[in-house]
> 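Pasting a structure here, questions to come.
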Amino acid sequence: MTNLNATTEKRAMLEAVNLALHRAMQEDENVVVLGEDVGVNGGVFRATLGLRERFGFKRVIDTPLAETMIAGLAVGMAAQGLKPVMEIQFLGFIYAAMEHLVSHASRIRCRTRGRLTCPMVLRSPMGAGIRAPEHHSESTEALFAHIPGLRVVIPSSPARAYGLLLAAIDDPDPVIFLEPTRLYRMNPQPIIDDGKRLPLDSCFTLREGSDITLVSWGASVHETLQAAAKLEEQGVSAEVIDVASIKPLDLDTLEASVRKTGRCVIVHEAPRSCGVGAEIAASLYERVLLDLQAPIQRVTAPDIPPPLYRLEQLYIPSPEDILAACDLVLNYA
């Protein structure tokens, strides 16, 4: 994990995150990592494994179990020229840090009229699917997307995790970087540790198509691609777009795709009400209403807290759920 070179190896998302952190810390001595168990233990999922041994305890800081304190420290560090990468162990533990994120991190640039910025990254595992208890399976990206001044990024593959995390660390403003836990060890892919950044604020078209646009992000991209493959077997050409940047949204890419296909299904694991899918749908209606061949459909989790693991698979949108929504859109009278 710690070997920084340009060779290609297959890595899962967890390893890609680790590789990006090593790369960023090697390139810039102002990058520091802090959080619960990030140092000696290498993080709850081992995303920070080996960082303390390579860069020392002054740059890889184990903190108490105190999310409010972690966020406050990160904001102070960022305002004074460091580039903190803070880890919240699970997204359901982030609520204690919201005061600093909303009242300080997101507002420093505006409050100081640009004299100070807040180049911090908050990393956190997100989502269900790993048989975890309460508060370990949240998908609350919409909370952060509503806050002016915060970027929200969710990778759906190892390569995008690597390139987007490096870009997030470079960004002069705060970035919420959410890592889908059920993708951590799924689908390794070749990654060259060349330090190449991927663009923030951009969608990624994963599959070209002409009949319907499937829009998703994070872990749900996995099921969305499965649904697209099933549609292909039925003779339906589905375009699949990974939103990746939840805030700000790359609406131009989404608009161009839906203008082309005339049909759209949006898939996300977060609850339905006030989710990011609703924002995307509303924005597309404003832009491409007259090009639509059918109403936009959303496939989401229900408006309940994530259940315990016996019911997880009923909670997470499945390929079958996506196909049912596609059937409605494709056969709209």
Side-chain angles (χ1 to χ4, degrees), residues 17 20-36 38-39 48 51 55-64 66-88 91 93-124 140-155 163-179 195-202 244-252 276 279:
V17 168
L21 290 171
H22 273 91
R23 167 69 64 172
M25 295 187 76
Q26 176 183 274
E27 291 180 349
D28 189 342
E29 64 181 11
N30 288 318
V31 177
V32 297
V33 170
L34 68 155
E36 300 160 6
V38 298
T48 54
L51 291 178
F55 299 105
F57 71 93
K58 290 186 177 180
R59 293 183 63 195
V60 185
I61 305 165
D62 279 319
T63 67
E67 285 78 14
T68 303
M69 184 207 71
I70 295 169
L73 277 174
V75 171
M77 289 175 171
Q80 297 305 312
L82 295 175
K83 295 182 179 179
V85 182
M86 56 182 282
E87 180 181 298
I88 300 294
L91 192 56
F93 301 162
I94 203 170
Y95 309 119
M98 291 293 282
E99 164 67 16
H100 289 294
L101 296 175
V102 175
S103 299
H104 303 296
S106 68
R107 297 170 185 255
I108 284 179
R109 178 185 286 277
C110 182
R111 181 180 294 150
T112 66
R113 302 298 186 265
R115 185 175 64 86
L116 297 177
T117 60
C118 192
M120 58 169 272
V121 175
L122 184 152
R123 291 183 46 253
S124 181
T140 51
E141 62 268 25
L143 292 177
F144 313 105
H146 190 66
I147 306 304
L150 295 181
R151 268 188 170 83
V152 184
V153 177
I154 308 177
L164 291 172
L165 182 54
L166 286 172
I169 294 170
D170 287 347
D171 197 278
D173 294 301
V175 179
I176 310 297
F177 193 87
L178 305 179
E179 302 159 7
K196 183 178 179 180
R197 277 67 168 164
L198 290 176
L200 298 175
D201 312 341
S202 296
S245 177
I246 299 302
K247 173 74 175 290
L249 284 167
D250 176 12
L251 290 172
D252 290 342
V276 176
E279 174 65 26

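It should be emphasised that the depicted structure is a prediction, and the values quoted were computed from it without experimental measurement.
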> Given side chain to side chain contact (heavy atoms under 4.5 Å, CB included), test Val32 with Met77 step by step and report yes or no.
CA-CA 9 Å; Val32 297; Met77 289 175 171; 3.9 Å; yes
> Quick one, Ile176 and Val153 - any side-chain contact, counting heavy atoms below 4.5 Å?
no
> Which residues pass the side-chain hydrogen bond (donor to acceptor under 3.5 Å, both in side chains) test with Glu67, not counting sequence neighbours?
none
> Can you give me the closest heavy-atom contact between Ser124 and Ile88, atom names plus distance?
OG-O, 3.1 Å
> Using side-chain heavy atoms (C-beta onward) and a distance below 4.5 Å, is Tyr95 in contact with Leu143?
yes
> What's the shortest heavy-atom distance between Val38 and Val60, and which atoms?
O-CG1, 3.9 Å
> Nearest 0.5 Å, please: how far is CD1 in Ile108 from OG in Ser103?
11.0 Å
> If you take all heavy atoms of Glu36 and Pro64, which pair is closest and at what distance?
CG-O, 3.4 Å
> What is the distance from atom OG1 of Thr68 to atom CG of Leu101, rounded to the nearest 0.5 Å?
10.0 Å
> Residues two or more places apart in sequence or in another chain: which of them pass side-chain hydrogen bond (donor to acceptor under 3.5 Å, both in side chains) with Lys247?
none
> At what distance, to the nearest 0.5 angstrom, does CE of Met120 lie from CG of Leu73?
11.0 Å
> Answer yes or no: is there a side-chain heavy-atom contact under 4.5 Å between Arg59 and Val31?
yes
> Suppose we screen for salt bridge (charged side-chain N to carboxylate O under 4.0 Å, His left out). Which residues come up paired with Glu27, at least two apart in sequence or across chains?
Arg23, Arg197
> Please report the interatomic distance OG(Ser202) to CG(Asp252), rounded to the nearest 0.5 Å.
10.0 Å
> Tell me whether Asp62 contacts the main-chain N or O of Gly39 through its side chain, where contact means a donor paired with an acceptor under 3.5 Å.
yes
> Once you round to the nearest 0.5 Å, how far does CG of Leu122 lie from CG of Leu150?
9.5 Å
> Show the numbers, then the answer: is there a side chain to side chain contact (heavy atoms under 4.5 Å, CB included) between Phe144 and Val102?
CA-CA 9 Å; Phe144 313 105; Val102 175; over 6 Å; no
> Can you run down the salt bridge (Lys or Arg N to Asp or Glu O under 4.0 Å) pairs that involve residues 102-124, sequence neighbours left out, and say none if there aren't any?
Glu87-Arg123, Arg109-Asp173, Arg123-Glu179
> What closest approach, in Å, do Pro148 and Ser106 show between heavy atoms, and which atom pair accounts for it?
O-CB, 3.3 Å
> Between Ile169 and Asp28, is a side chain to side chain contact (heavy atoms under 4.5 Å, CB included) present by the stated rule, with each step listed?
CA-CA 10 Å; Ile169 294 170; Asp28 189 342; over 6 Å; no
> Could you pull out the closest heavy-atom pair between Pro84 and Leu34, with the gap in Å?
CB-CD2, 3.8 Å
> Taking only residues two or more places apart in sequence or in another chain, which ones pass side-chain hydrogen bond (donor to acceptor under 3.5 Å, both in side chains) with Glu29?
none
> Begin from the C-alpha positions of Leu21 and Leu51 and carry the test side chain to side chain contact (heavy atoms under 4.5 Å, CB included) through to its verdict.
CA-CA 8 Å; Leu21 290 171; Leu51 291 178; 4.0 Å; yes
> Which atom pair, heavy atoms only, marks the closest approach of Pro248 to Ser245?
O-OG, 2.8 Å
> Partners of Asp250 by salt bridge (charged side-chain N to carboxylate O under 4.0 Å, His left out), sequence neighbours excluded?
none
> Glu141 versus Val276: any side-chain heavy-atom pair under 4.5 Å?
yes
> Please report the interatomic distance CG(Leu164) to CG(Leu198), rounded to the nearest 0.5 Å.
5.0 Å
